[in-house]
Structure formats: structure tokens, C-alpha cells
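Take a look at the structure set out below.
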Amino acid sequence: MQDTIELLEAIGRDASLRHASADELTSMLAQAQAPEALTAAVASGDSSRLAEELGHKPMYSPQSSQTGHEDDELDDADEDPHPAQDPEDAKL
Amino acid sequence: MNTPSLLSPTNARAGSLACVGMGMTLGSHLTPLARSHIEQADVVFAGLSDSLVEMWLQRMHPDVRSLQSYYREGKSRMKTYRQWVELMMTEVRAGKRVCGVFYGHPGIFAWSPHKVIEVARAEGFAAHMEPGISAEDCLYADLGIDPGRFGCQHFEASQLLLFERRIDPTGYLVLWQVGLVGDRSTARFKTGPAYRQLLVDLLSRDYPLDHEVIIYRGATLPIQQPRIIRVALRDLPEAPLTAEETVVLPPARTLQPNLAMQERLDALDRQAEVDALA
């Protein structure tokens, strides 16, 4: 049985699945005995809770705004260069 | 994993760097070459925007190090990006084959991949970038826009507020990171309606307030559809926006012929005909 990540990759690389309807995908996932959270995400069109159910935290969108700050001086004194992972720190 | 390479690297120094793009949609966009870089690396650093995509990357290599934890609310993003450069360079200097994996295209709206390649090359290491399918690429496909038809300007939204720029309303205008517009600290992850109102005030010099603008976000997961919302320019401040959403303004005016240049072209054509007959 494939897990959620394997199934997402399979959908993403398959021309007949990538743009299939929610009904078609739900049917395929049922046949594949997909994890319930993935099937629910497809059926509802809401994938926002999928990552949470897989135990991962929300993430910042990297490489955001930089205009006018490329030459800012780096002040290392007030920053821990190796902060511990803290899920509460991260939000979109 | 550990797919044998046909060629051994011939670096002036041990250690190398490749910055590759993951594309935007899980499973759909990763190029064979980018995947090969990931699989052949000794260590992989991940600058991705979706935890599921990061989990997918972790299936490709046993040593994937997320760069996410270096972000912090209230901390300058430039400081974070410099830390990323140092993290990657530390491994390159240790003689490792390093792969930096970034969502979309690694060189678009991405300071650290360009910087770390510059630093690595300056220190004598082999370093290069492999392109990826970017949010801009997806935008053209999903919105049916051809940038060659009327032309297309791209700006980070804050740049329009902070600097004197010339907007051409006869072409498309694509504004990136409108959700962060006006953040001069680079330490926040969103601003708000009052900041976006300043942007609308500026845009209203070139566009009517009832001009339709498109708020766009591409699909990150292959079970998602792109998010496309159309609002009037005047309503942009109150529209829900994150840093991942892009704002597109279609042309507001028709192209104006440049009669002076057309006359000069006519003259050149006439001269060419004369020369051909001579």
C-alpha cells in the first residue's frame, strides 16, 4: 500500500490524474487504499490539514522580500546561528 | 540514490555546490537533472515552502537539512539568508558535494542561492544553478498570459513603494509579495490593509480604481487547483493575501504607436530597396 507522499508523487507525475476530477481521484484513491486524510483532502478540496495530520508544521514561504536590504550589515551578536526547531515559531 | 555518475568531478578544490529548483507542484515539476543533483549530493539543504514537499525531498536523500528553522518572526530575513549561505559553504569547504534545493526556480526572488554560488566560485569551488519551474511559469499557464503579447513588468511590491519606478500600463504588471508590501524591516511575514492601500494609491496613478486585478497562487500539491481571484483595484487592501500570492494587473491602455520610430524604419526600408536595385 502506498503512503500519502508516494500517492501525491504518483498523481503529480501522471497526466491522467493530475487534472482529474475530485470524484475520479477519490475513486482511484479508494482503490489504492489511500490514507483517509488524503482521500478526505481530495474529496473536500481542502488540503490545508493534510500536512498537520502527517505531523509537519506550517512553513514560512522562503526567499521573501529583500528589496533595499541586500547590503545591510549583519549583526551576529543578537542571533543564535543554530536555533533549535520550534514548531511554534513557524507560521505562514 | 547514489546513482553512479559517468564522470568524476574535476574541481580545482574538493567540495562542490549545485542549487536546484524543486518546481512548484509536488511530483510534477522536478527535472531529471535536478533530481540527479539531489541524489548524488553528500548533503542536501532544503528551502521549501510546503512541508509535504519537504517530506517528498526527504525520500530522495538520507541527509536533508531544512532551512526553515532559521526563520523567525522579528528577525531580518536577510540575516536568515546569510546564515543559509554559511551553512551551505561550511559543508562545501569540508569537501562535500552540496545541493541546495529551493522551491520553484532557485534563482528567482531568491537571494541566497545566487550569493552562495558567488561565494563558492570566489573560493575556487565548482558551483552552478539548475533552473526549475517557477511560480511565474505556472502563472502564465494558469492565467493564459503570454508575456510576449503586450510585454510584462515584474516587481517586488515593496520596490514600487520604496523607489521611483516607471510602470507601463499598456503591458501586464506582475507584483510579487504584495502580502508583505511596505515591510522595511524584512522581519515581518505580512503587513496589512493600510500598507496595501499605499500600493493602491500609487497604482491609481496609472490604473482606474475599478480596474480588475488578479490574485493568483499556483498549486503546490497535485490535488490542488490554482487559486485565482479577481477583484477591483480599490478592493485590493481588504482582499485576503499571503506572501505566496501574486497580484497581476492586465493592461489598462492600448499600445500607442511610436510614429517617429516607424518613420525611421520606413526610411531604412526605402534605403534598403534602393540599395537592392543599385
Side-chain angles (χ1 to χ4, degrees), chain A residues 3-15 17-20 22 25-26 29 38-39 41-43 45-48 50-52 54-76 78-87 89-92, chain B residues 25-29 47-52 54-56 58-59 66-73 75-83 86-87 102-104 108-113 115 156-159 162-163 176-177 180-181 183-186 189-190 220-225 242-244:
Chain A
D3 67 17
T4 294
I5 300 298
E6 290 167 337
L7 285 165
L8 285 172
E9 181 178 8
I11 294 167
R13 68 188 303 165
D14 188 318
L17 297 177
R18 171 64 185 91
H19 297 290
L25 269 188
T26 304
L29 291 171
L38 177 58
T39 307
V42 170
D46 179 10
S47 55
S48 61
L50 196 54
E52 292 174 34
L54 289 170
H56 262 243
K57 57 186 169 65
M59 293 167 80
Y60 290 109
S61 178
Q63 307 284 33
S64 296
S65 171
Q66 61 202 31
T67 289
H69 293 270
E70 292 183 39
D71 298 324
D72 285 0
E73 288 300 313
L74 178 60
D75 177 7
D76 289 324
D78 61 349
E79 289 292 342
D80 174 3
H82 301 291
Q85 290 223 8
D86 182 352
D89 280 341
K91 66 178 182 181
L92 198 59
Chain B
T25 307
L26 192 159
S28 303
H29 294 164
L48 302 170
S49 63
D50 188 292
S51 59
L52 292 173
E54 192 172 280
M55 293 170 76
W56 180 43
Q58 288 166 349
R59 305 286 175 95
S66 176
L67 295 167
Q68 273 284 326
S69 60
Y70 292 85
Y71 277 120
R72 192 152 297 186
E73 188 84 32
K75 171 185 174 184
S76 163
R77 284 185 291 278
M78 287 309 299
K79 193 168 290 187
T80 299
Y81 302 155
R82 287 189 173 93
Q83 287 180 337
E86 275 313 298
L87 285 165
F102 297 87
Y103 80 124
I108 299 181
F109 284 88
W111 183 85
S112 50
K115 188 65 178 179
E156 183 188 339
S158 290
Q159 199 174 95
L162 295 172
F163 298 93
W176 299 89
Q177 291 150 12
L180 290 167
V181 69
D183 172 33
R184 290 178 293 173
S185 68
T186 71
F189 287 84
K190 61 180 177 183
T220 306
L221 301 180
I223 58 172
Q224 295 170 332
Q225 299 301 318
T242 68
E244 293 177 326

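Protein chains get the first letters and strands the later ones, always in sequence-line order, with residue 1 at the start of each.
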Query raised in the report: Which pair of non-hydrogen atoms, one from A:G12 and one from B:P222, has the smallest distance, and what is that distance?
Result: CA-CB, 3.5 Å
Report summary line: Here the pair of heavy atoms bringing B:Q224 nearest to A:S47 is NE2-OG, 2.7 Å
Query raised in the report: Less than 4.5 Å apart, any side-chain heavy atom of B:R59 and any of A:D3?
Result: yes
Report summary line: Separation between CG (A:L8) and OG1 (B:T220), nearest 0.5 Å, reads 11.5 Å
Query raised in the report: Just how far is it from atom CG of B:L221 to atom CD1 of A:I11, taken to the nearest 0.5 Å?
Result: 9.5 Å
Report task. Measure the CD-CD1 distance between B:Q58 and A:I5 for me, rounded to the nearest 0.5 Å. Result -> 9.0 Å
Query - Test item: A:R18 side-chain N/O and B:S28 main-chain N/O as donor-acceptor pair under 3.5 Å - result: no
Report task. Evaluate the side-chain contact (heavy atoms from CB on, under 4.5 Å) criterion for residues B:I223 and A:L38: first the C-alpha distance (whole Å), next the side-chain angles of each, then the deciding distance (0.1 Å), finally the verdict. Result -> CA-CA 9 Å; B:I223 58 172; A:L38 177 58; 3.9 Å; yes
